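What follows is a short report on a single structure.
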Amino acid sequence: MSYFGDIYKGIKTLLTGMSVTGKYFITSRKGAITQQYPDNRDNLKMFDRFRGEVVMPHNENNEHRCTGCQKCELACPNGTIEIIWDRQIDPETGKKKKMIDKHIYHLGMCTMCGLCIEACPTDAIKWAQNFENSVYDRTKLTRVLNKPGSKLMPGVED
Amino acid sequence: MDTTIKNSNLKSEEYFINMGPQHPATHGVLRLLLTIDGEIIKKVEPDLGYIHRSIEKMCERDSYQQIVHLTDRMDYLSSHINNEAVCLTVEKALELEVPERVKVIRTIIGELTRIASHTLWWGVMGMDVGALTTYFYGFRDREMINDIFEETCGARLTMNYNIPGGLMFDIHPNFVKRVKDFIAHFKTKLPEYDTLLSGNVIFQKRTKGVGILTKEDAISFGASGPVGRGSGYSCDVRKHHPYSALDKVKFKEILKTEGDTFARYQVRVEEMWESLSIIEQLIDNIPEGDYKVATNAVIKLPKGEFYQKVETARGELGVYVVSTGTKNPYRVKFRSPGFSNISLLNHITVGGKIGDLVATMATLDIVVPDIDR
Ligand code: SF4
Ligand code: SF4
C-alpha cells in the first residue's frame, strides 16, 4: 500500500499546488504587479512622501528660505550637509547678519533619514521624488542646493 | 557468493568546505565553515564579521534622534520594529507618555512589517528547498505592504518613521483604505500559501523531522521568536511584556511542540493570520490626537541604565542603553534575535545532510546585518 500510496499522494499534492499556479497562468494579466520600468517612465509617479533627494525650492525671483542657521547640519547623523556661511550686511536693517553662502549636500552619503528636513525651522529644504541618481563620477553627487546668485526670501526669520 | 567487499581500501574522509560568504542560501554575507564527510555534516561554524559596521559604537557618537535611523540597517526586514524599540527605550527613560494614536499606529505598522517579513521569508523558504514559484507569490503580497509604507513613511525598507516622542509625521490620508484593501487581498491569498507549499509531499518530506530543536535547547541557546515557539517555548514578547497598543488586542501565541523545520515553518505562516487579526482590531479605531509629543531638541537621558525589548519578525530584540546624563549614550547594546538563533545552527544540523542544512537555515530566518550589526 505505502509505495503506491506515496505515489498517489505525491501526485495529488502536486496537482493541488498546480491548481493555484494554473489559475494564475490563465488569468496572468489580471492583477500583475510588475512595473515595466523604464518603459513606463512617462507615467511612473512616485508617492508624494517618497524620499529621493534633498532639494531646496527657489521661487521665480531666485529666492530661497534658508537662513543659514545650520540646524540641518547639526541634525544630520553623518555629515552629509555642510553649510558655508558668511556675515553680510542686511540691506534692510543695515546690520551685519548671518547669511548662507553655500548649502552643500553630498547625495552619495545621504541615508534618507529625513532628520534635516524635520529640523529646518523655515522649511527651506524638502524631499524631491527623483530616484535616478546613478552617475559615472561620484563628485557629481555633491550638490550645492542654493542656486548661484540666490537670496533669502524677504520676511523669513529663524 | 558473498558480494560485499571486505577490507576495502575505499574509505571516505572528512573534509572542509566553505559555504558563503557569497552564497544565495546563506541570505547575505554569512560564511559557514563546514566539516563534512561525504554528504553528512560533522560540524558547522558560522564565521561572522563580513558586514560588521560597528553600529553600537556609532550610537555612542550620535544623539538619541540619530540612533534611530541606524537600527534600520540592522534587521532591515523589521526596520520599523527596530526603530520602535529605540524610541520606546528613550521614552521609558524620559518617562514620556506618547499619545494613544502613536501607539496604535506603531502597532499597526509593526504588524504589517511582520507580515512583510514573513511573506518574504515564505517565498525564500520555498526557493531554498527548490520551489521557485513561491518566491513570486511572496513578493506579490509584500509589494502591497511596501506601497503602504512608501506612501506613509516615504521609504519602503529603511523607513525611519519613529522619533523619540512619537512619529515623524502623521499617517497618509490613504493609509486606512490601503491597509483594509491589503487585509481583504491577503485573506484570499494566505490560504494559497498552504495549498501551494505546506501541503506538498516533497516539501513535507524535506522538512518534517529535520533540524530538531528541543525546548530545553531552545531555552539554553537563547532562541526567540518563531524558532523558540516552534519548539514549544513560549517566548512572545508581545504576549509576556506588551508594549505600545499590544495590550489592547487579542491574539494567540502560536506554539508548536515538534521543534523541527516544519514546525518553525507552520509557526510563521500561522503568525501571519494573527498579525492580520491584530491589524483588523486596530485599523477601524485609530484614536484622534497628536502624532507626537514635543521633546527637547537635544534629548538628554537621566543617568542610569535602561532596557526595553520588543518582538521583531525574528524574535526578541533588546535595546540596552547606559547613560551618563549627556546627550550621547555612554554605551548601547542591541540583543539581536539573529545572533542567538544562528548559534543553534551547529547543534541542530550536525549529523544531517547538506541539503537539510539549507532548509534548516531557511527556517532560522536569519538576516545577516542583524547578526553582525
Ligand atoms: S536625510 Fe538624513 S542623512 Fe540625508 S542629509 Fe538629511 S539628515 Fe543627513
Ligand atoms: S536648510 Fe533650514 S536648517 Fe538648514 S541651514 Fe537652511 S534654514 Fe537652517
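Keep in mind that this is a model prediction, so the values were computed, not measured. Letters A, B, ... are given to chains in the order of the sequence lines, protein chains preceding strands, and every chain is numbered from 1.
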Non-hydrogen contacts under 4.5 angstrom with chain B: give the residues of residues 139-146 of chain A involved, or none if there are none. none
Determine which residues belonging to residues 8-19 of chain A lie within contact range of chain B, meaning some heavy atom pair is under 4.5 Å apart, and list them by number or answer 'none'. A/Lys9, A/Gly10, A/Thr13, A/Leu14, A/Thr16, A/Gly17
Greatest number of heavy atom pairs closer than 4.5 Å to chain A - which of B/Lys205, B/Met159, B/Glu151, B/Arg156: B/Glu151
Mind ranking B/Ile163, B/Leu197, B/Val68, B/Thr152 by heavy-atom pairs under 4.5 Å with chain A and telling me who comes out on top? B/Thr152
Nearest heavy-atom neighbours spanning A/Phe47 and B/Asp147: CE1-O, 3.7 Å
Please report the shortest heavy-atom distance between B/Asn160 and A/Arg51, naming the atom on each side. O-NH2, 3.8 Å
A/Gln35 vs B/Glu143 side-chain heavy atoms within contact, under 4.5 Å: no
Can you find a heavy atom in the side chain of A/Arg49 that is under 4.5 Å from one in the side chain of B/Phe169? yes
Is the number of heavy atoms from other residues, nucleotides or ligands under 6.0 Å of A/Lys102 NZ greater than 12? no
Just wondering, more than 12 heavy atoms not from B/Ile286 lying within 6.0 Å of its CD1? yes
Go through the atoms of [X] and report whether side chain, backbone, both or neither lie under 4.5 Å from a heavy atom of chain A.
X	answer
B/Leu196	both
B/Asp62	side chain
B/Ser63	neither
B/Thr133	side chain
B/Met58	neither

Is the backbone of A/Ala75 close enough, under 3.5 Å, to the side chain of B/Gln66 for a donor and an acceptor to pair up by distance? yes
As an exercise, state the distance from [atom1] of [X] to [atom2] of [Y], rounded to the nearest 0.5 Å.
X	Y	atom1	atom2	value
B/Asp72	A/Met112	CG	CE	13.0 Å
A/Cys113	B/Leu70	SG	CG	9.0 Å
B/His69	A/Thr111	NE2	OG1	3.5 Å

